[in-house]
There are 2 protein chains.
Amino acid sequence: MLAVQTLDARPFQTPLGRLSRGEAPQRSLEDRLAHATVRKIESKEHVFCEGDPRLHVFRVEEGVIAIYKTLCDGRRRIIDFAYPGDLLGLGVLDEHILSAQATSAAKVRCFSAASLEAMAENDADLALKLYKSVCQELSATRSLLVTVGQRSAVERVAAFLLGLRRRSGDEAGETVKLAMRRSDIADLLGLTIETVSRTLTKLRTMGVIDVELGGTTVTLRDAARLADLANE
Amino acid sequence: MLAVQTLDARPFQTPLGRLSRGEAPQRSLEDRLAHATVRKIESKEHVFCEGDPRLHVFRVEEGVIAIYKTLCDGRRRIIDFAYPGDLLGLGVLDEHILSAQATSAAKVRCFSAASLEAMAENDADLALKLYKSVCQELSATRSLLVTVGQRSAVERVAAFLLGLRRRSGDEAGETVKLAMRRSDIADLLGLTIETVSRTLTKLRTMGVIDVELGGTTVTLRDAARLADLANE
DNA sequence: CGTGCGCTTGACATTGATCAAAAACAGTGG
DNA sequence: CCACTGTTTTTGATCAATGTCAAGCGCACG
């Protein structure tokens, strides 16, 4: 594990977290988050690492954050990418059990985990919001598990591209921006960078997608065929 | 999808769910569950199927329930096994998005999903319990994702056996009972039955485990070495 | 005693990982 | 604007791990 100083280890103000404790229990989570501090994250900077004290909860405002776990032999398993709107750092323990690292420049809104959870104890509405947020996360993780567990490289990459389009911006858009490296995609899908690259070229020669030079923008030429290949 | 009638599609009484709505908001989840109806599930019987209306939430009392998703080509992906104490059927949608099937004879305690969620709206304590339950489920799913994503057959099977010991009964016990078929283990770990079988014999010839004839009971001869192989 | 189901084992094929190298790209400084 | 360096991506050749196909075994049950 890198010995970098992570965002969550640095102290900072969480005005809304403090202000609203107890005095406005019906205030919505959105409302609370709207006033929290926003922090800028450089590409490759960590938001938090496994084992760090879980001081803050974050919401992604811009960019993409990779949530991952490091295996003891150094391999890295990305659990999910967090896109704008997603919450980061929820949990029941007082330590982070995963690491979070920006795959590109990003912004996160952050506020105190302790006060959030203290608020939730007296605010069923907030607690239910947390519950639902985690339910969605669970559902996303399960769907990744399905993808990764028993599918071929083509199926995995196709499903990834479709999922990316679904989650980042417009549902029916023709192009998706890959705000991460091949190695990030590989670690998410349980493949190697070489296989990811080969699979993308394969899809390109099949005429299903187009990959811009530099490989950061993908155009879905034939989304129906891609969905077919993904075997959803 | 099989056209069987599942437990959740059958109407039945949920006395505690009804009784406690609104009148005892501080009553614990445990307390509520303690009085709910218990149903017996035959081996291979479904508790619910993908697409069924999500009428009830269940808690496993005895046996093992496989939570799975069916891929469109018929492959089956087991997401998790639910052991006694685990909750089943939590979610935000009004349909089940997964199927649940007993791998052996089992018992589940069941009560109304709607009234549970209605209760949670006025009971922060209950809502937080739900939140924490889902957090744990999320954590388990993530750990399976790590296992399945990029590990060898030996690592997966070793991790599975250790996880089984951890979850079913005593932490340090020498023997674990496999209350499921090889095909269930295979569908959980993203392997084939043949590979699971071969891997178990490999571990046996290595002297790390012992497999009883019939293959339902496994003795962990050398748990430390097994943990080493699992590469946790 | 026969039948069916689940488990094991073997031979072979295929997929994706590994090793290696070249090409494309992004910065940096001249 | 161009040369230089390090990073990322692409492509190729080879190999090991796991899937596939096929057969046999053991146990439970009628």
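By convention in this document, chain letters (A, B, ...) are assigned in the order of the sequence lines, proteins followed by strands, and residues within each chain are numbered from 1.
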Q: For B:Asp184 and C:dC7, give me the distance from atom CG to atom C1', rounded to whole Å.
A: 13 Å

Q: Please test A:Glu42 against A:Lys44 for salt bridge (charged side-chain N to carboxylate O under 4.0 Å, His left out), starting from the C-alpha separation and ending with a verdict.
A: CA-CA 6 Å; A:Glu42 303 296 327; A:Lys44 296 189 189 175; over 6 Å; no

Q: Would you mind telling me which of A:Arg59, A:Gln136, A:Arg167 makes a side-chain hydrogen bond (donor to acceptor under 3.5 Å, both in side chains) with A:Asp86?
A: A:Arg167

Q: Once you build an axis from the first five pairs and another from the last five of the helix from C:dC1-D:dG30 to C:dG30-D:dC1, how far apart in angle are they, to 10 degrees?
A: 40°

Q: Regarding A:Glu45 and A:Lys40, does a basic nitrogen lie under 4.0 Å from an acidic carboxylate oxygen?
A: no

Q: Just how far, in rounded Å, is P of C:dT15 from CD of A:Glu194?
A: 18 Å

Q: Ignoring hydrogens and angles, tell me if any N or O in the side chain of B:Arg221 forms a donor-acceptor pair with the backbone of B:Asp210 under 3.5 Å.
A: no

Q: Is a donor-acceptor pair below 3.5 Å formed from side chain B:Arg181 to base C:dT8, judging by atom type as modelled?
A: no

Q: Does a nitrogen or oxygen in the side chain of A:Thr195 sit under 4.0 Å from OP1 or OP2 of C:dA17?
A: yes

Q: Salt bridge check: are A:Asp187 and A:Arg181 linked by an N-O gap of less than 4.0 Å?
A: no

Q: In whole Å, what is the span from the CG atom of B:Asp187 to the P atom of C:dG6?
A: 13 Å

Q: Can you tell me how far P of C:dT9 sits from CG of B:Leu203, to the nearest Å?
A: 13 Å

Q: Measure from CG on A:Leu178 to C1' on D:dT8 and round the result to the nearest Å.
A: 13 Å

Q: Could you check how far NZ of A:Lys202 sits from C1' of D:dG12, rounded to whole Å?
A: 16 Å

Q: Please determine whether a side-chain nitrogen of the Lys or Arg among A:Glu155 and B:Arg75 lies less than 4.0 Å from a carboxylate oxygen of the Asp or Glu.
A: yes

Q: With a 4.0 Å limit, can you tell me whether B:Thr192 has a side-chain N or O closer than that to the phosphate oxygens OP1/OP2 of D:dG19?
A: yes

Q: Rounded to whole angstroms, how far apart are CE on B:Met180 and C1' on C:dC7?
A: 16 Å

Q: Under the side chain to side chain contact (heavy atoms under 4.5 Å, CB included) test against B:Ile78, which residue among B:Leu189, B:Leu188, B:Ile67 passes?
A: B:Leu188

Q: Rounded off to whole Å, could you give me the CD-to-P distance for the B:Gln150 and C:dT18 pair?
A: 10 Å

Q: For the side chain of A:Arg198 and the base of D:dG12, is some donor closer than 3.5 Å to an acceptor across the two?
A: yes

Q: Between C:dG16, D:dT10, C:dT8, which nucleotide gets closest to the side-chain atoms of B:Arg182?
A: C:dT8

Q: NA contact type, A:Lys44, heavy-atom cut-off 4.0 Å: base, sugar-phosphate, or nothing?
A: sugar-phosphate

Q: Nearest heavy atom decides the nucleotide; on that basis, is A:Arg151 or B:Arg204 closer to the 5' end of DNA chain C?
A: B:Arg204

Q: Taking 4.0 Å as the cut-off, does a side-chain nitrogen or oxygen of B:Ser183 come that near to OP1 or OP2 on C:dG6?
A: no

Q: Among D:dT18, D:dT11, C:dC7, which is the nearest nucleotide to the side chain of B:Ser197?
A: C:dC7

Q: Considering every strand and a 4.0 Å limit on heavy-atom distances, what is the contact class for B:Leu191: base, sugar-phosphate, or nothing?
A: sugar-phosphate

Q: Which pair of heavy atoms, one from B:Arg54 and one from B:Leu93, lies closest together, and at what distance?
A: NE-O, 2.6 Å

Q: From the list D:dT10, D:dG19, C:dG16, which nucleotide is the closest neighbour of the side chain of A:Ala153?
A: C:dG16

